Amino acid sequence: MDPNSWYFCLKHRRVEAPGEVCRSLNRLGPYPDRASAEHALELARQRTEAADEADLRWEQQPGAEGS
């Protein structure tokens with residue numbers, strides 16, 4: 001683990017400074033800075049939406065399973 005990385009704790013709903021982190025099961029990250037960690041939930045939502053859209057495009061291709 002990088003000692004300069006920031007995390008967002010899902011259990012406590014807060015940003016955690018480098019060296020002060022909860023269990024990996026309860027956190028998102030690492031992030032390069034505090035500002036990125038503060039937006040962890042929004043970043044996760046955006047990434048999930050992008051992955052869902054990519055899955056949908058793949059499934060709609062001719063010859064894809066389930067088409």
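None of the values given here were measured: they were computed from a predicted structure.
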CZ/Arg23 to CG/Leu10 distance, rounded to the nearest 0.5 angstrom? 12.5 Å
Side chain to side chain, Pro30 and Tyr7, heavy atoms closer than 4.5 Å: yes
Which atom names give the shortest non-hydrogen contact between Trp6 and Val15, and what distance separates them? CE3-CG1, 3.6 Å
Rounded to the nearest 0.5 Å, how far does CG of Leu28 lie from NE2 of His39? 14.0 Å
Going from CD on Glu20 to CZ on Arg14, what distance comes out if it is rounded to the nearest 0.5 angstrom? 7.5 Å
What's the spacing between Arg57 CZ and Gln60 CD if we round to 0.5 Å? 9.5 Å
Once rounded to the nearest 0.5 Å, what's the spacing between atom SG of Cys9 and atom CD of Glu16? 4.5 Å
From Phe8 CZ over to Ser36 OG, what is the distance, rounded to the nearest 0.5 angstrom? 13.5 Å
Report yes if the side chains of Leu43 and Tyr31 come closer than 4.5 Å at any heavy-atom pair, otherwise no. yes
Validation row: Leu56, Asp52 side chains within 4.5 angstrom (heavy atoms): no
As a quick check of understanding, evaluate side-chain contact (heavy atoms from CB on, under 4.5 Å) for Arg13 and Leu41, giving each step before the final call. CA-CA 10 Å; Arg13 311 291 275 178; Leu41 295 177; 3.9 Å; yes
Under the salt bridge (Lys or Arg N to Asp or Glu O under 4.0 Å) test, which residues partner Glu53, sequence neighbours left out? none
